[in-house]
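Structure first, commentary second.
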Amino acid sequence: MDWRWDFTFEVVMPRMIEAAGVTAWATVASFCLALVGGLILMLLKQHRSVWISRPTTEFIEFIRATPLLVQIFFLFFLLPDFGITLPPLTTGILAIAIYNSALCAEVYRAGFEAVPRGQWEACVALNISTYRTFRDIIIPQSLPPIIPALGNYFVAIFKETPLLSFVAVAEIMQISKLIGAEYYRFTEAVTIAGIFFLVMSLIAAFMIRQVENFVKHRIVR
Amino acid sequence: MTDFAIQFDKVCKAYDDLDVLTDLDFAVRKGEVVTIMGPSGSGKTTVLRVLMTLEEIQDGVILVQDEPLNKMYKNGDLVDADKAHVRKIRSKIGMVFQNFNLFPHMTALGNCIEAPMYTKGLSKQEASEEAMKLLAMVGLADKANQYPSQLSGGQQQRVAIARSLCMHPEILLFDEPTSALDPEMVGEVLKVIRDLADSGRYTILLVTHQMGFAKEVSDRVCFIDGGKIVEENIPSEIFENPKTERLQQFLSKVLEAR
C-alpha cells in the first residue's frame with residue numbers, strides 16, 4: 001500500500017479537522033432540534049383532539065417509512081420551489097432533525113407511559129396545572145430511563161451526517177471524497193475519515209455515559 | 001346556602017358498558033365524617049374519584065358547597081364547567097390515595113411545597129414554613145429532607161396527608177389510606193386521620209376496610225353496593241343492627257375473615 005505521511009499531514013488533516021467541525025455542528029444541532037421536535041410531536045400525538053393527534057400520527061409514520069436520504073433530497077430540491085432557499089447545511093440539519101424527531105417521539109412516549117398514573121392523579125388532586133405537571137413531575141421522572149435511548153440517537157445522528165455529502169455539505173465524508181478526487185489519492189483521505197468517525201463516536205459515547213451517570217445521581221431517587 | 005359540603009343528585013357513572021354509579025343520591029354535611037364501605041367493585045372508590053374530578057360522570061349533578069362541580073352558571077344558564085371553575089371547586093378538596101402517590105424525585109418537604117408554591121403563588125420560604133408545621137403535625141418534621149424511598153409506608157402516607165393539607169382543603173377524601181400498608185403501620189396513619197376528624201375543621205369522606213376505625217371515627221356510615229347506597233346510619237346501628245340483608249351478608253363475611 002502506498003501511504004504518504006507528508007500528504008496526510010499537510011493536505012488531508014487540516015481540511016479534515018475543519019470538516020470535523022461541520023460534522024460536529026450538524027450532529028449537535030440536529031440532535032437538539034430532534035429532542036425538542038420529538039417532544040412536540042409526542043405531545044401533539046397524545047392530544048385530546050383527533051384532528052391534531054391523527055395527522056401527527058400519520059406524519060410520524062410517513063417520516064419513519066421513508067429513507068432519510070430521500071427526505072434530504074426532497075427538502076433540498078423542493079423547498080426552493082416554495083420560495084424557501086436555505087444553505088445546504090441548514091437544509092441537511094433540518095432533514096436529519098425531522099427524521100429523528102419522529103423516532104424520538106416514540107422514545108418520549110415510552111418514557112411518559114412508564115410514569116405511573118397515580119402521579120398524574122396526585123397532580124390533579126393538588127390542582128397543579130398541566131404545564132407544571134409536565135415540567136416538575138412527569139418529565140423529571142420520564143427522562144432518566146430514556147436517556148440511554150436518546151444517547152443512541154445522538155450516535156445514530158452522527159453516523160447519518162455523511163448523507164449530507166449528497167447535497168455537497170463540507171462535512172468529513174464530502175471533504176474526503178473531494179480530496180480523493182482532486183489529488184487522485186483516496187487512501188489517506190478515506191482512512192482519516194474513518195478514524196475521525198471512530199474517535200468522534202467514542203467521544204460521543206463517553207459523553208453520553210457521563211450524562212447518564214449525572215442524571216442517575218442527581219435526579220433519580 | 002345549605003349546610004351541605006357535598007351533594008350527589010342522581011349521579012351516574014359507567015365505564016363503557018359497566019355501570020359503576022347508578023342514580024346515586026348522597027349528601028354530606030359540613031364537618032361531618034362519613035365512611036363509605038362496600039364490597040369490591042361497589043363503586044365506593046368511584047365516589048371519591050368523581051368528586052376529585054379524576055373521572056367524569058355521565059349524568060346527574062354533584063354539588064360541592066352548593067356549587068356544581070361539573071357545571072357552572074353563565075349568564076343565568078347552566079353550562080359545562082370551564083377549567084377555571086373546575087380548578088376553583090377542586091381547590092376545596094384534598095385527596096389521599098391508597099398508594100400515596102408521592103413524587104419520588106422530591107423530598108418530603110419538596111412534595112409538600114410543590115403545589116402551594118405554584119398554584120397559590122407562595123414563596124419557597126413561606127411554603128416551606130407552612131409545610132414544616134404540617135409535617136410536624138403528622139410527626140415527620142425530622143424526615144422533611146428524606147426522599148419517599150427512604151421512608152416507610154406509614155411515613156409516606158403521613159407525608160401524603162400533610163401534602164394535601166398544605167393546599168388548605170375543606171373537604172378531605174381518603175381512598176383506602178391504609179390498604180397498602182403493613183399491619184404495624186396502620187395505627188400511625190389512622191391516628192393522624194383521627195386527629196383530623198376530631199379537629200372538626202374538615203369534612204371527611206373515608207373509604208376503608210378498617211371496620212373498628214370506621215365505627216369509632218365516623219358520624220355516619222354508608223354501605224354502598226351496585227352503585228347505590230343500600231343502607232346508611234350512625235355507626236353503632238350499621239354494625240350492630242344492620243337492617244338490609246345485603247349489609248348483614250357483607251358484615252358477616254367481613255367479620256368471618258377476621
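Computed from a prediction, not measured in an experiment: that's the story for all the values here. Letters A, B, ... are given to chains in the order of the sequence lines, protein chains preceding strands, and every chain is numbered from 1. The figures that follow rest on heavy atoms only: side chains count, while hydrogens, waters and symmetry mates do not.
When heavy atoms are compared at a cutoff of 4.5 Å, B/Arg49 approaches chain A solely by way of its side chain, counted from C-beta outward. With a 4.5 angstrom heavy-atom cutoff, B/Leu173 does not touch chain A via any of its atoms. At a 4.5 Å heavy-atom cutoff, the contact between B/Met52 and chain A is made by backbone and side-chain atoms alike. Using a 4.5 Å cut-off between heavy atoms, B/Ser91 contacts chain A through both its backbone and its side chain.
A ring pair (Phe, Tyr, Trp, His ring centres under 6.0 Å) with A/Phe31 is found for exactly one of A/Tyr153, A/Phe154, A/Tyr99, namely A/Phe154.
Legend: residues meeting ring-ring contact (aromatic ring centres under 6.0 Å, His included) with A/Phe112, ordered by chain and number and at least two apart, are A/Phe134.
Annotation: cation-pi pair B/Lys13/B/Tyr15 present, NZ/CZ under 6.0 Å from the ring centroid and within 45° of its normal. Judged by the 6.0 Å and 45° rule, A/Lys177 forms a cation-pi pair with A/Phe166. Under the 6.0 Å distance and 45° angle rule, B/Arg163 counts as a cation-pi partner of B/Phe103.
Per-residue heavy-atom pair counts under 4.5 Å with chain A were compared for B/Gln98, B/Arg87, B/Met167, B/Met95, and the maximum is reached by B/Arg87.
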